[in-house]
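This report concerns only the one structure given below.
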Amino acid sequence: PFHVFRKTCTSLFTVTSQQVPATMERDSKIPRSSRVPVTVLTGFLGSGKTTLLNNILNDTTHGRKFAVIENEFGEVGVDEGILAENVDEELIEVMNGCICCTVRGDLVEALVRLHDRVADFDGVIIETTGLADPAPVCQTFFIDEGVRARYRLDCVVTVCDASTVLARIREEKPAGVENEAVEQVCFSDKILLNKVDLCAGGEEELARIEQELRTLNPTTTIQRTTHSNIDPADILNVGAFELKRVLDFDPEFLDEEAEHEHDARVSSVSVKTKGEVNIQLLNSWIRRLVVEDGANLYRYKGVIAVKSFDKKFVFQGVGMSFHGDFDEDVKWKPEETRESRFVFIGKHLDHTFLREGFAACLHDKMDGKPLRFPVGAEVEANVGVFQRARVLGHWEEGNAYRVEVLVDGKGGGGNVVWAPIDHDAYIRAVPA
C-alpha cells in the first residue's frame, strides 16, 4: 500500500542556507531530538489541499524540510505527478483506501519508519484524502504508544472551497453515515476559506459562510485565501491542537472501538496506462462528462502524456468546474515512461463507462497503425463540407494532421486546418 519515492534531486533533504524566521522557532519545551511536529491537511475533495502543499514545498522563506505522507482514495496515485518536482522532500503515498480507516495501520508503520530519519526533516505533513474523517487520524497520535512517543500533533488545517462548502456541509447523508465535510470543519484548528475569488455572493456570502463554519466550530480561526496562498508560518509549528477542546465536543475521541461509516454511494475510478492520449478527444470526453454528470463528480484529476508534446497535461476539476492545461514546469524526462493516469471520485459512478471512455482517447487505441496519408498527399478535409486539401504535417499540437485547403487545385491561400484524429469523419481519401 505504500509507495515511497524521492523527488528528483542530487540528495534527499538538501539543507537550505536560510535561517528559520523567528515566528517559526520550535517550542522551547520540545528538544530538537524529541517529538516531531505533525501538521494534518484535510478538507473536502477539490478544496485546494494539494495546491497548499505545493505552496509550502516551494516556499523558500521557512527554511524547513518535511516528510510528506499523502493519502489518495483509489488504486492509482495522481498527485505525485502534480506536486512540485524541484523540492527535496520525502513523499509516501498511502494508496487505495481512506487514511482514517482501511489503511490507518499503514500510517502508523510509516510514521514509525520515518522517525529513523528524524535528523533529516523538521516536521511531517499529512495530506488526507478529501473523504477522510480527520478524527481517527488525529487519534493515532494519542492511542498508539510508539507514535505518541515520537510525534506531537501540532495543527489540523482544513481547507474549504468557498464556492461549494455550504453545499457539502448541508448535504443529507443516509442514516448512520457521517458527513465528512462536517467532521473536517469540527476538528480543524485552522480553516483556510479558499477560492474566495470564485464566491459569486461577494463579501456578504463569505460572511454567511464564516458564520456557519463557526456554528460548527466556534474555536477555530478562519483565514481567507486565493489559490491556497498563505504564509507557512501561519500553520506550521504553531502548537494549535488541544486535546481538551476535542474531548469537549467528542468525548469518545480516544475510544479505539469507535466506528464510522462512509457513504457507500461514493467510489473512485482510477486508470494508469502506458501510451499517449489525443488531447482533442480527451477534452471533448471530459466536457461531455462534466455537462452530463457534473453534479455527481466530487473530484477528478489526471496527468496525461499527449502525443507530440514534451510537457505533461494536468487536468483537475470539481463538479462542473474543469481546468486542464500543459504544465510549463513539469516535462517528461528522457528516461521517464510516458504514461497517463486519472482518478474520478463521486457518487453513482459507472466504472466501466469511465474506463472505456478514457481508453478511447488513447492514441494507440485510435489507430493502431501509421497514419493513412503521408505528407504531401491530396485528401478531402471536413471544414463543414469536404474540400480538397493537401497534408502538410503529422502530429503537431496533438492533432493527427495539419492540412491546407486547396483552391482551384492550388495551395498558398493560407487556409490551414487540423484533423484531430485519423478518421473519415475528419479526413478521407479523394474519391476515385
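All heavy atoms count here, side chains included; hydrogens, waters and symmetry mates do not. We number each residue from 1, following the sequence as shown.
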Side chains of [X] and [Y]: closer than 4.5 Å at any heavy-atom pair?
X	Y	answer
D59	P232	yes
I69	L111	yes
T225	L193	no
V269	V343	no
L153	V40	yes
H62	I56	yes
V403	I427	yes
V156	F241	yes

Legend entry - Residues which pass ring pair (Phe, Tyr, Trp, His ring centres under 6.0 Å) with F313, listed by chain and number, not counting sequence neighbours: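 With sequence neighbours excluded, F313 shows a ring pair (Phe, Tyr, Trp, His ring centres under 6.0 Å) to F326, given in chain and number order.
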Please confirm whether the backbone N or O of [Y] pairs with a side-chain atom of [X], one donor and one acceptor, at under 3.5 Å?
X	Y	answer
R355	S270	yes
Y401	Y426	no
T220	N217	no
R148	F142	yes
T158	G43	no
N194	S47	yes
D154	N237	yes
H227	N55	no

Salt bridge or not between [X] and [Y]? Use side-chain N to carboxylate O under 4.0 Å.
X	Y	value
D197	K195	no
K333	D310	no
K312	E336	yes
R168	D161	no
E210	R224	yes
K274	E339	no
E171	K347	yes

Qualifying residues under side-chain hydrogen bond (donor to acceptor under 3.5 Å, both in side chains), relative to [X], sequence neighbours excluded:
X	answer
K49	none
D144	none
Q223	K190, D234

Inset, instruction - Please lay out, stage by stage, how L57 and V68 fare under the test side chain to side chain contact (heavy atoms under 4.5 Å, CB included). - result: CA-CA 10 Å; L57 297 182; V68 178; 4.2 Å; yes
Legend entry - K311 charged N/C atom sitting above W332 aromatic ring, 6.0 Å / 45°: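 Negative - K311 is either too far from the ring of W332 or too far off its axis.
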Legend entry - Atom CD of E212 with >12 non-hydrogen neighbours under 6.0 angstrom: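 Enclosed.
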What closest approach, in Å, do [X] and [Y] show between heavy atoms, and which atom pair accounts for it?
X	Y	value
I125	L53	CG2-CD1, 3.9 Å
I169	N179	O-ND2, 3.5 Å
A233	V238	O-CG1, 3.4 Å
L206	A162	CD2-CB, 4.1 Å
A240	D189	O-OD1, 3.5 Å

Which distance, rounded to the nearest 0.5 Å, do you find between the [atom1] of [X] and the [atom2] of [Y]?
X	Y	atom1	atom2	answer
I304	T273	CD1	OG1	10.0 Å
N229	L52	CG	CG	9.0 Å
I209	I222	CD1	CD1	10.0 Å
K272	T337	NZ	OG1	9.5 Å

Inset, instruction - Check the pair K301 / F342 against side chain to side chain contact (heavy atoms under 4.5 Å, CB included), numbers first and verdict last. - result: CA-CA 6 Å; K301 51 189 174 180; F342 78 77; over 6 Å; no
Inset, instruction - Determine whether the side chains of S340 and E276 contain a donor N or O and an acceptor N or O closer than 3.5 Å. - result: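 Note: S340 and E276 side chains miss the donor-acceptor criterion.
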Legend entry - All pairs passing ring-ring contact (aromatic ring centres under 6.0 Å, His included) where residues 145-180 contributes a residue, at least two apart: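 Every ring-ring contact (aromatic ring centres under 6.0 Å, His included) pair that includes a residue of residues 145-180, provided the two are not neighbours, is H115-Y151.
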Inset, instruction - Sequence neighbours left out, what passes salt bridge (Lys or Arg N to Asp or Glu O under 4.0 Å) with D350? Give chain and number order. - result: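 For D350 there are no salt bridge (Lys or Arg N to Asp or Glu O under 4.0 Å) partners, ignoring immediate neighbours.
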